[in-house]
Structure formats: C-alpha cells, structure tokens
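A short write-up of the structure that comes next.
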Amino acid sequence: MPSTDIFKLFFHHDQRLDKLAERTPNKKSDEMESTLEDFMKPDPTYSKFYLTGTDLAQERFGLNMISGYEKVITALEKAFPDKNVFTAKERTDSISKAVSALELGEVFVLSDSESTELDIESLHIDINSNVGHLKEELKEALEDGHIVVYKEQAKDGFDLHIFSKKNVYTDMFYPLQELVPDSFRFFSINGKKFRSERHFYFETWTLDRPPHGFEEVHPESVL
C-alpha cells in the first residue's frame with residue numbers, strides 16, 4: 001500500500017442555486033417581492049465536490065500526483081456509468097478521455113442526454129479567474145441537469161472540481177471506498193469545516209489527528 005498517498009474528497013452540500021444568479025440591485029420593488037407560492041417552494045440547491053491528492057513521500061500536490069490517480073478516474077466512471085460525456089469540442093467515450101483532452105480551467109459535463117446545446121466553452125476559466133466569476137453560466141448548466149467538472153490547477157498537477165444539482169456524493173463514495181486501503185488513504189472532508197489553506201493541506205502537519213469534520217474512510221465505513 002502506498003501509505004504516503006493521500007486522497008481527499010471535499011464536499012459541500014445544500015448550496016442555494018439562486019446564489020449563483022447574477023445580482024441585480026436595481027430591480028423594481030415589485031420584482032423583489034415573494035409570493036406565498038414562492039415562499040412555500042423549497043429552495044433549489046446544488047452540491048460541489050473537490051477531488052485532490054497528495055504524494056507525501058515526494059511532497060507533490062495534485063490529484064494526478066498519486067499513484068492511484070487512474071483508479072480514481074475509473075471509480076468516477078463506475079459512479080456515473082450511464083452518463084454521456086461532453087467537452088466543448090465533442091462528445092467523448094469516457095471521463096478519462098475528457099480529462100486528458102482538457103487544458104487547466106476547462107470543463108467537461110456529464111449528461112443524461114445524447115446531445116447537448118449547452119455552451120460548454122462559456123464555462124471555461126483562465127488563470128486569472130475562478131468558477132465564481134461564471135455564476136450565471138454554471139447555474140444554467142446545473143438547472144439543465146448537467147454535472148459540471150472542472151480541471152483545476154494544483155500546486156504540482158491538477159485537481160477535479162465537480163458541481164451537480166443532484167447530490168452525487170453517495171454515487172462517488174462507494175466506488176472510491178473500494179480503493180481503500182490498497183491505493184491510498186482516503187479522507188472525506190466536510191467543506192463547512194474547511195477554514196484555511198492550512199486545513200486544506202492538513203496531511204502535512206496533522207495527518208493522524210485530522211481536524212474535526214475530516215473523516216478517514218476505511219473499508220468498513222458506511223454512510
């Protein structure tokens with residue numbers, strides 16, 4: 001077992017989808033008023049997940065820096081077996097091919113549909129931007145039922161950042177758990193407990209006593 005390989009899955013559930021809407025402070029007062037019907041509707045939400053890894057032996061940081069990286073991608077394909085995979089350029093055969101084809105900051109989406117009219121390129125970011133700059137575009141994609149996956153820059157490689165209107169944590173958890181303990185140590189991390197860059201790299205200073213909300217996943221762990 002590569003005991004110095006660490007895989008981390010940050011999750012943040014129940015994010016309000018309307019928070020992704022563009023702010024319009026100049027709306028008329030009657031447009032701002034909520035009807036009783038609107039009030040009684042549950043707020044639509046989305047979830048986000050950040051997948052990253054650390055090779056402690058070589059002090060390299062990024063999902064693709066761990067020896068089990070390819071197995072993580074295989075686990076994601078197992079988690080979403082019936083989804084169609086689209087990049088901005090084409091529909092592709094697999095998540096693995098989509099990740100390989102992307103530059104840092106680019107996106108692929110998972111969809112139930114055989115085709116998509118979504119402007120995927122509009123979701124791409126550059127090194128001076130972040131996902132938060134594309135709230136309207138991301139909101140549209142999530143409302144249409146797409147799972148949006150960013151290939152994001154890490155210190156020494158890249159990570160994957162996943163957004164979904166449906167909470168797909170369980171879909172990913174069990175295929176990833178199957179990789180424990182042979183491929184890496186797996187930590188499932190509540191994003192609400194994540195406070196700082198020091199927390200993000202907790203494995204470099206408090207691996208055996210992780211912060212509250214940072215749970216190590218074992219083969220027998222259940223949700």
Check your understanding: T74: what forms a side chain to side chain contact (heavy atoms under 4.5 Å, CB included) with it, not counting sequence neighbours?
Key -> none
Review point. If you round to the nearest 0.5 Å, how far is NZ of K165 from OG1 of T45?
Key: 8.5 Å
Exercise for review: Please identify each residue that fulfils salt bridge (Lys or Arg N to Asp or Glu O under 4.0 Å) with E143, with sequence neighbours left out.
Suggested key: K139
Check your understanding: Between atom CG of N167 and atom NE2 of H12, what is the distance when rounded to the nearest 0.5 Å?
Key -> 12.0 Å
Point to revise | Those residues that, when tested against D93, pass side chain to side chain donor-acceptor pair (under 3.5 Å) (two or more places apart) | key: K97
Exercise for review: For D144, enumerate each residue passing the side chain to side chain donor-acceptor pair (under 3.5 Å) test, keeping only those at least two apart in sequence or located in another chain.
Suggested key: none
Revision key, fill the gap. Taken in chain and number order and not counting sequence neighbours, the residues that satisfy side chain to side chain donor-acceptor pair (under 3.5 Å) with E216 are R185
Check your understanding: Just checking, is any N or O donor in the side chain of S111 or N84 under 3.5 Å from an acceptor N or O on the other one?
Key -> no
Review point. Between the side chain of Q153 and the main-chain N/O of L104, is any donor-acceptor distance below 3.5 Å?
Key: no
Point to revise | Pairing residues for E121 by the side chain to side chain contact (heavy atoms under 4.5 Å, CB included) criterion, not counting sequence neighbours | key: A88, D119, H124
Point to revise | Check: H146 and I120 side chains under 4.5 Å, non-hydrogen atoms | key: no
Check your understanding: Do the side chains of V222 and L176 join up, straight or via other hydrophobic residues, at under 4.5 Å, putting them in one cluster?
Key -> no
Point to revise | Set of salt bridge (Lys or Arg N to Asp or Glu O under 4.0 Å) partners for K71, sequence neighbours left out | key: none
Practice item. Check whether any side-chain N or O of E215 sits under 3.5 Å from a backbone N or O of S188 as a donor-acceptor pair, and report yes or no. Key: no
Practice item. Could you tell me which residues satisfy side chain to side chain contact (heavy atoms under 4.5 Å, CB included) with Q58, sequence neighbours excluded, listed by chain and number? Key: D55, R60
Point to revise | Atom CD of E103 with >12 non-hydrogen neighbours under 6.0 angstrom | key: no
**Study point:** Residue pair T206 / P211, side-chain heavy-atom distance below 4.5 Å
**Key:** yes
**Study point:** Which atom of D171 lies closest to which atom of P175, heavy atoms considered
**Key:** O-CD, 3.1 Å
Check your understanding: Of all heavy-atom pairs between A98 and F108, which one has the smallest distance, and what is that distance?
Key -> CB-CG, 3.7 Å
Review point. Taking side chain as C-beta onward, heavy atoms only, is V107 less than 4.5 Å from L102?
Key: no
Practice item. Enter the distance from S100:OG to N64:CG here, rounded to the nearest 0.5 Å. Key: 10.0 Å
Review point. Under 4.5 Å between any side-chain heavy atoms of V131 and Y150, yes or no?
Key: yes
Check your understanding: Are M65 and F186 joined in one hydrophobic group, where the rule is that I, L, V, M, F, W and Y side chains link up if heavy atoms are under 4.5 Å apart?
Key -> no
Review point. Side chain of Q177, backbone of H218: donor and acceptor closer than 3.5 Å?
Key: yes
Exercise for review: Could you check if a side-chain atom of L138 sits within less than 4.5 angstrom of a side-chain atom of F163, using non-hydrogen atoms only?
Suggested key: yes
Exercise for review: Measure across I147 and S164 and return the closest heavy-atom pair with its distance rounded to 0.1 Å.
Suggested key: CG1-OG, 3.7 Å
Check your understanding: Between L9 and V217, is any pair of side-chain heavy atoms under 4.5 Å apart?
Key -> no
Practice item. Identify the two heavy atoms, one from F184 and one from V72, that lie closest to each other, and give their separation to 0.1 Å. Key: CE2-CG2, 3.7 Å
Point to revise | Distance, nearest 0.5 Å, that separates CD1 of I162 from CD of E152 | key: 11.0 Å
Practice item. Show the numbers, then the answer: is there a side chain to side chain contact (heavy atoms under 4.5 Å, CB included) between I6 and I66? Key: CA-CA 7 Å; I6 309 297; I66 60 175; over 6 Å; no
Revision key, fill the gap. Across all chains, not counting sequence neighbours, the salt bridge (Lys or Arg N to Asp or Glu O under 4.0 Å) partners of E59 are none
**Study point:** From L142 atom CG to Q15 atom CD, the distance as rounded to the nearest 0.5 Å
**Key:** 11.5 Å
Practice item. Would you give the length of the straight line joining atom OG of S96 to atom CD1 of I73, rounded to the nearest 0.5 angstrom? Key: 6.5 Å
Point to revise | Heavy-atom side-chain contact between D5 and L56 under 4.5 Å | key: no
For residues 47-54, dump all side-chain donor-acceptor pairs below 3.5 Å to protein atoms at least two apart in sequence or in another chain.
{"residue": "S47", "atom": "OG", "partner": "H13", "partner atom": "ND1", "Å": "3.3"}
{"residue": "Y50", "atom": "OH", "partner": "D159", "partner atom": "OD2", "Å": "2.7"}
{"residue": "T52", "atom": "OG1", "partner": "D159", "partner atom": "OD1", "Å": "2.8"}
{"residue": "T52", "atom": "OG1", "partner": "D159", "partner atom": "OD2", "Å": "3.3"}
{"residue": "T54", "atom": "OG1", "partner": "E203", "partner atom": "OE2", "Å": "2.5"}

Check your understanding: Of F187, F214, F10, which meets ring pair (Phe, Tyr, Trp, His ring centres under 6.0 Å) against H199?
Key -> F214
Check your understanding: Do any pairs count as a salt bridge (charged side-chain N to carboxylate O under 4.0 Å, His left out) and have a residue in residues 79-91, sequence neighbours left out, and if so which ones?
Key -> K83-D112, R91-E114
Review point. Would you call P219 and P181 a side-chain contact if the rule is heavy atoms closer than 4.5 Å?
Key: yes
Point to revise | Residue pairs involving residues 53-100 (criterion ring pair (Phe, Tyr, Trp, His ring centres under 6.0 Å); sequence neighbours excluded) | key: F61-Y201, Y69-F158
